[in-house]
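Chain letters run A, B, ... following the sequence lines, proteins first, then strands; residues in each count from 1. In this text the structure is predicted, and so the values were computed from the model without any measurement.
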Amino acid sequence: MKIATWNVNSLKVRLPHLLRYLEADTAPDVLLLQELKCQTEDVPRAEIEALGYHVEAVGQKTYNGVAIVSKTPISVVLRRLPGDEAADEQARYLEADIADLRVAALYLPNGNPVETEKYPYKLRWMERLADRAAALLAEDRPFLLGGDYNICPTDADVYDPVGWRDDALVRPESRAAFRRLLHLGLTEAFHALHPHATRAFSFWDYQAGAWQRDNGLRIDHLLLSPALADRLEACEIDKEPRGWERASDHTPVWCRLRAA
DNA sequence: ATGTCATGGCACCCATGA
């Protein structure tokens, strides 16, 4: 089973890319999408379903928005990350059952600039995510939390660690919150299989020729529960879509799990 | 640190977020 995550930076603009990705013979069984930038009712369901996929989404106007696309039926469990959900109107979390697997598509707050309320919102959101992960672990359920974490776990995940030192994506508090997820018992799939990787990025800014210079960051991650980590057989970053015309600034990250 | 994009309200540019 192949599961991928991809921040498409506008589902409307990137629909041709999404369809091309889903039509390929390397297409994933499950795809987690972020930054739809459209309302739930504007998700192009018919085009996706025409390729034999199911789709569930939680969107909002202009910003955020996440979706789960799957070859087998999707049963939605949560449309918001628990904790503060009454006050948190941002569409950043969607959790669902796909057969006997629980998956969540998440779009973690960017958190910049750090001196604004955006940074504590990010850290608070990460606390809520850790609480949710702990609850799922307590249920002893196989699950995957995938998406745009907006965190570079270590300096190896940043093309210029010194220049990015004060950014919310690399700040020690952000990294500590990410490690807290791992310390609960989750496995970050790419790092587990490629612990010494260098320049393995999943995002390249549109500005300053970042893609052409390979000035990237690794901020898109797949976190696995213990039972799924035991089944992990491959995890790669598919750089090809980042090179397509009018690309998203992110590229897909995927993993393959052995049959249970 | 910025050589870019996408959005929406408003009006055919500009602010905002990333």
Side-chain angles (χ1 to χ4, degrees), chain A residues 5-21 32-44 47 57-67 81 87-94 105-126 129 146-153 155 157-171 173-175 177-178 201-221 237 239-253:
Chain A
T5 182
W6 192 9
N7 178 325
V8 290
N9 185 18
S10 169
L11 184 51
K12 184 180 173 185
V13 172
R14 234 62 71 188
L15 182 62
H17 291 201
L18 173 64
L19 299 180
R20 180 173 172 183
Y21 186 68
L32 311 175
L33 298 171
Q34 301 85 37
E35 283 210 87
L36 309 181
K37 293 188 172 180
C38 68
Q39 303 194 75
T40 308
E41 57 268 33
D42 296 326
V43 168
E47 290 89 337
V58 53
Q60 67 179 92
K61 202 186 262 197
T62 313
Y63 305 121
N64 310 315
V66 291
L81 182 61
D88 189 353
E89 294 172 349
Q90 301 189 27
R92 295 181 175 275
Y93 188 85
L94 179 61
L106 64 96
Y107 176 46
L108 218 141
N110 177 294
N112 283 303
V114 293
E115 65 276 12
T116 68
E117 72 292 338
K118 292 174 188 296
Y119 191 51
Y121 173 67
K122 173 182 195 152
L123 297 177
R124 173 67 191 134
W125 207 93
M126 295 198 74
L129 183 60
D148 178 357
Y149 279 75
N150 268 315
I151 305 261
C152 305
D155 279 353
D157 304 306
V158 191
Y159 72 94
D160 175 14
V162 173
W164 281 74
R165 195 173 38 203
D166 298 322
D167 193 278
L169 278 57
V170 311
R171 291 273 301 170
E173 299 88 349
S174 301
R175 286 179 169 170
F178 187 78
F201 304 132
S202 65
F203 162 90
W204 297 259
D205 199 280
Y206 287 122
Q207 296 187 68
W211 167 247
Q212 289 75 13
R213 295 161 188 253
D214 195 26
N215 287 343
L217 307 173
R218 194 172 72 89
I219 56 180
D220 300 275
H221 308 298
I237 300 170
K239 286 174 72 172
E240 190 192 321
R242 184 61 181 81
W244 292 345
E245 194 163 338
R246 215 179 177 197
S248 168
D249 41 6
H250 296 250
T251 212
V253 179

CD/A/E89: more than 12 non-hydrogen atoms of other groups inside 6.0 Å:
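No, the 6.0 Å shell around CD holds no more than 12 heavy atoms from other groups.
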
Looking at every strand, decide which applies to [X] at a 4.0 Å heavy-atom threshold: base, sugar-phosphate, or nothing.
{"X": "A/R213", "result": "base"}
{"X": "A/W164", "result": "base"}
{"X": "A/Y121", "result": "nothing"}

For the residue pair A/L129 and A/Y149, establish whether any side-chain heavy-atom pair is separated by less than 4.5 Å.
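Yes - at least one pair of side-chain heavy atoms lies under 4.5 Å apart.
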
Atom [atom1] of [X] to atom [atom2] of [N]: distance rounded to whole Å?
{"X": "A/R242", "N": "B/dT4", "atom1": "CZ", "atom2": "P", "answer": "13 Å"}
{"X": "A/D42", "N": "B/dT7", "atom1": "CG", "atom2": "P", "answer": "11 Å"}
{"X": "A/D160", "N": "B/dT2", "atom1": "CG", "atom2": "C1'", "answer": "13 Å"}

Integer angstrom distance from the [atom1] of [N] to that of [M]:
{"N": "B/dG17", "M": "B/dA1", "atom1": "P", "result": "22 Å"}
{"N": "B/dC10", "M": "B/dT4", "atom1": "C1'", "result": "23 Å"}
{"N": "B/dT7", "M": "B/dC12", "atom1": "C1'", "result": "16 Å"}

Please figure out whether A/R14 or A/Y159 has its closest DNA chain B nucleotide nearer the 5' end.
A/Y159

Pick the nucleotide of DNA chain B nearest each of A/A208 and A/A247; which residue has the one closer to the 5' end?
A/A208

Below the 4.0 Å mark, does B/dA6 have OP1 or OP2 next to a side-chain nitrogen or oxygen of A/T62?
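A/T62 to B/dA6 OP1/OP2: no side-chain N or O under 4.0 Å.
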
Establish, with yes or no, whether the OP1 or OP2 oxygen of B/dG9 is under 4.0 angstrom from a side-chain nitrogen or oxygen of A/K61.
yes

Apply the side chain to side chain contact (heavy atoms under 4.5 Å, CB included) test between A/T5 and each candidate in A/D148, A/L106, A/V66, A/L32; give the one that qualifies.
A/L32

Going by side chain to side chain contact (heavy atoms under 4.5 Å, CB included), A/N150 matches just one of A/L169, A/D220, A/D167. Which one?
A/L169

Can you check salt bridge (charged side-chain N to carboxylate O under 4.0 Å, His left out) on A/R165 and A/D160, steps first, answer last?
CA-CA 9 Å; A/R165 195 173 38 203; A/D160 175 14; over 6 Å; no

Counterpart residues, side chain to side chain donor-acceptor pair (under 3.5 Å), relative to A/N110 (two or more places apart):
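By the side chain to side chain donor-acceptor pair (under 3.5 Å) rule, A/N110 matches A/N112.
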
Just the atom pairs and distances: protein N or O near nucleotides 10-18 of chain B's N or O, under 3.5 Å.
none

If you measure from the Lys or Arg side-chain nitrogens to the Asp or Glu carboxylate oxygens, is any gap between A/R124 and A/D88 under 4.0 Å?
no

